[in-house]
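What follows is a single structure, written as structure tokens, with notes after it.
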Amino acid sequence: MTLLEVKNLNCYFGGLQAVADVSFNVDEGMIKAVIGPNGAGKTTLFNLIAGNTIPNSGTITFQHEAIHKLSPHEIAGRGMSRTFQNIKLFRGMSALENVMVGCHIRSRAGFLASMLKLPWTRKEEKKIWENSLELLEFVGIAEYRDVDAHSLSFGQQRAVEMARALATKPSLLLLDEPAAGLNTHETLEIAKLITKIRDLGITVLLVEHDMSLVMDISEEIVVLSFGQKIAEDTPPAIQKNKQVIQIYLGEDDA
Amino acid sequence: MSTKNIFHLAALAALVILVQMGTAWTETGYYLTQLTMIAYYSLLIIGLCMLMGYAGQISLGHAGFFGIGGYISAALTSHNFAPYQSNPFVNFLISNGLLVGRTDLYGETLLSFHPWPACIIAISFTFITAFIIGIPVLKLKGHYLAMATLGFGIIIYRVVLATEAFGEADGLSEVPGFELLPGLVVSGDFDARIENYYIAWGFVLLGIVLLLNLTNSRVGRALRAIHGSEEAAQAMGVNTARYKLYIFVLSAVFAALAGVFLTHYNGGVGPSETGIMKSVRYVAIVSIGGMANIWGPLIMGVILNFMSLRGLLGSYDDVVFGVILILVMLFAPHGILRLNVWSRLRLFFFPTPAKSSPLKENQ
């Protein structure tokens with residue numbers, strides 16, 4: 001079953017073609033990775049899918065619905081969530097509160113109901129609180145729930161971001177370089193976590209630099225170079241792909 | 001509501017009562033007049049604090065909303081509609097009890113709006129204005145937003161100055177009291193001074209309860225999230241444009257309510273209440289109070305407004321607020337109540353770093 005379908009996607013910034021005619025599918029329940037050298041257009045591709053950037057042409061279909069013209073919050077409401085390469089946690093809020101924001105679209109208390117603290121909002125709040133705590137436990141940092149999210153370590157902040165994204169109850173999770181800035185041990189932890197998330201039935205699409213992580217956990221890989229898709233295959237096949245080796249290691253003159 | 005908040009609210013209520021008892025004991029009841037006015041200004045300040053501190057948006061036009069509330073309520077309750085009695089619409093208003101007769105100072109009978117419908121009309125008008133202004137303006141950020149709201153404030157100020165129905169440069173006077181409930185009137189009546197002091201602070205307490213509820217809710221978290229990272233808030237499904245608009249409208253309504261009540265309390269309203277310097281003053285108070293906390297701006301608002309209203313700042317009134325704004329932005333962008341004076345002093349005298357949380361080591 002295809003969950004996400006990217007078709008003939010194009011995106012220009014002035015004269016630069018950041019994404020050139022890229023097409024691929026993400027099937028339900030898999031971990032798929034997008035790799036490529038710096039400036040290959042990976043993050044742009046992510047921003048296009050999440051609705052932060054509008055494509056110049058092409059379509060993005062999520063759960064059989066075209067989403068490339070929707071705004072990020074509408075896309076989030078349809079069950080797609082994301083993390084950011086340069087972690088974007090909410091300043092001045094605890095780890096738990098950050099995750100609680102993630103429950104936003106799955107709850108409904110508005111301005112008036114919140115100000116008057118109507119009885120049903122208390123129940124909803126309690127559910128949000130329990131749910132968020134559960135997610136912090138899931139990512140393994142429940143003990144830091146009351147700590148200001150910004151004073152956590154880098155790896156812990158990543159975990160909070162993942163818990164926050166999971167709180168939206170997504171069917172597709174986009175991870176933008178989840179291992180960036182992490183040490184080997186932390187990368188291993190994140191890899192385990194991503195597999196755990198997949199086992200919950202959540203499809204994962206990630207952009208990553210760290211080859212070991214990508215090769216270990218992903219089932220399919222899309223390789224981008226200068227905005228174009230040059231390969232799409234399983235990890236072992238990608239490792240043997242001549243063109244991929246070329247763009248990563250340079251020309252082979254021998 | 002957390003026990004901490006309940007404690008703060010109880011402390012405020014106790015302080016309000018103690019101050020009144022203190023003035024009665026020392027026979028300085030005249031202070032209550034300023035303290036009542038301060039309460040109404042506080043209503044505006046806590047509303048603005050929600051917009052600035054929680055949602056991270058600025059408005060240099062809130063004196064405009066204050067003015068809209070005050071002026072509309074004043075105009076409707078003080079204008080004499082008797083000459084228009086033949087007009088079917090006016091007649092309709094009379095038969096529904098929205099227009100009521102009263103006698104003015106000179107014994108003449110006037111026909112004007114009852115304060116309740118006047119207040120509702122004023123607040124509705126503010127609501128709609130804030131909505132219409134907010135939709136385009138809140139697309140702007142930072143100093144562009146500040147300038148746009150400043151423009152709005154200037155418009156209101158000039159409109160008030162140029163409109164005959166609003167008394168032009170003289171403003172409106174002889175505004176009657178606002179009978180909230182039978183026997184409970186917001187007015188500057190000498191005999192009702194103590195009563196009015198309690199009414200005003202009652203409104204402030206009610207306002208604080210409502211806003212504290214809001215901050216500790218799903219909506220409050222979404223607003224703080226917008227402040228923290230708009231992009232991430234959107235990715236969590238928060239409709240940031242809508243939330244910014246709603247909190248803008250809410251804070252405008254708080255400002256307008258403050259305008260309505262203070263106008264009835266003072267028995268009049270003048271153009272200076274809608275001026276730019278008033279807006280700057282409110283922003284300065286919220287900034288020095290520390291924005292992201294309702295109590296800081298409330299405390300600083302009481303202190304500074306008290307000094308200003310008692311004339312302690314002399315002719316340099318507005319200068320003081322301008323200077324405050326500059327100093328706060330330079331040295332204490334989180335407000336002076338959050339300067340952590342003690343830990344700074346300790347660091348100064350005992351330069352060993354305080355034991356930090358082990359979590360910070362990795363940063």
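Worth saying up front: this structure is predicted, and the values here are computed from it rather than measured. Per chain, numbering begins at 1; letters A, B, ... match sequence-line order.
- A/Glu125 has no carboxylate O lying under 4.0 Å from a charged side-chain N of B/Arg218, or vice versa, which leaves the two without a salt bridge.
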Next item on the list: Could you walk me through whether A/Glu74 and B/Asn239 pass side chain to side chain contact (heavy atoms under 4.5 Å, CB included), step by step?
Entry: CA-CA 8 Å; A/Glu74 290 169 318; B/Asn239 188 339; over 6 Å; no

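- Using a 4.5 Å cut-off on side-chain heavy atoms (C-beta onward), B/Ile247 and A/Phe111 make contact.
- Of the two parts of A/Arg164, the backbone and the side chain both hold a non-hydrogen atom closer than 4.5 Å to a non-hydrogen atom of chain B.
- Closest heavy-atom contact between B/Ala225 and A/Phe90: O-CD2, 3.3 Å.
- Using a 4.5 Å cut-off between heavy atoms, A/Phe84 contacts chain B through its side chain alone, with no backbone atom that close.
- Interface residue A/Asn52: only side-chain heavy atoms are found under 4.5 Å from chain B.
- Chosen from A/Pro72, A/Ala109, A/Gly102, the residue pairing most often with chain B at heavy-atom distances under 4.5 Å is A/Ala109.
- A/Ser114 and B/Leu214 make their closest contact through CB-CD1, 3.8 Å (heavy atoms, listed as atom of the first residue, atom of the second, distance).
- Between the OG atom of B/Ser217 and the CD atom of A/Glu124 there is a distance of 9.5 Å, given to the nearest 0.5 Å.
- For the atom pair CE (A/Met115) and OG1 (B/Thr215), the distance works out to 11.5 Å, reported to the nearest 0.5 Å.
- Only the side chain of A/Thr168 comes within less than 4.5 Å of a heavy atom in chain B; its backbone stays farther off.
- Around atom CZ of A/Phe138, more than 12 heavy atoms belonging to other residues, nucleotides or ligands sit under 6.0 Å away.
- To the nearest 0.5 Å, atom CG of residue A/Leu112 and atom CG of residue B/Leu250 are 9.0 Å apart.
- The choice from A/Arg82, A/Glu161, A/Arg78, A/Arg108 that makes the most heavy-atom pairs within less than 4.5 Å of chain B is A/Arg108.
- A ring-centre distance under 6.0 Å is not found for B/Tyr243 and A/His73.
- Side-chain contact between A/Val101 and B/Arg224 is absent, with no heavy atoms from C-beta onward closer than 4.5 Å.
- Of the residues considered (A/Met93, A/Arg91, A/His104), A/His104 shows the highest number of contacts with chain B, using heavy-atom pairs under 4.5 Å.
- A distance of 9.0 Å separates CG in A/Asn86 from OG in B/Ser229, rounded to the nearest 0.5 Å.
- Residues B/Leu210 and A/Lys117 fail the side-chain proximity criterion, which asks for heavy atoms closer than 4.5 Å.
- The neighbour count for B/Lys139 NZ, taken as heavy atoms of other residues, nucleotides or ligands under 6.0 Å away, does not exceed 12.
- For the residue pair B/Ala235 and A/Ala76, the shortest heavy atom distance occurs at O-CB, 3.2 Å.
- The choice from B/Gly228, B/Ala222, B/Ala232 that makes the most heavy-atom pairs within less than 4.5 Å of chain A is B/Ala232.
- The contact list for residues 61-69 of chain A toward chain B, using heavy atoms and a distance under 4.5 Å, is empty.
- A/Ser81 is listed as a side-chain neighbour of B/Met236, based on a closest heavy-atom distance under 4.5 Å.
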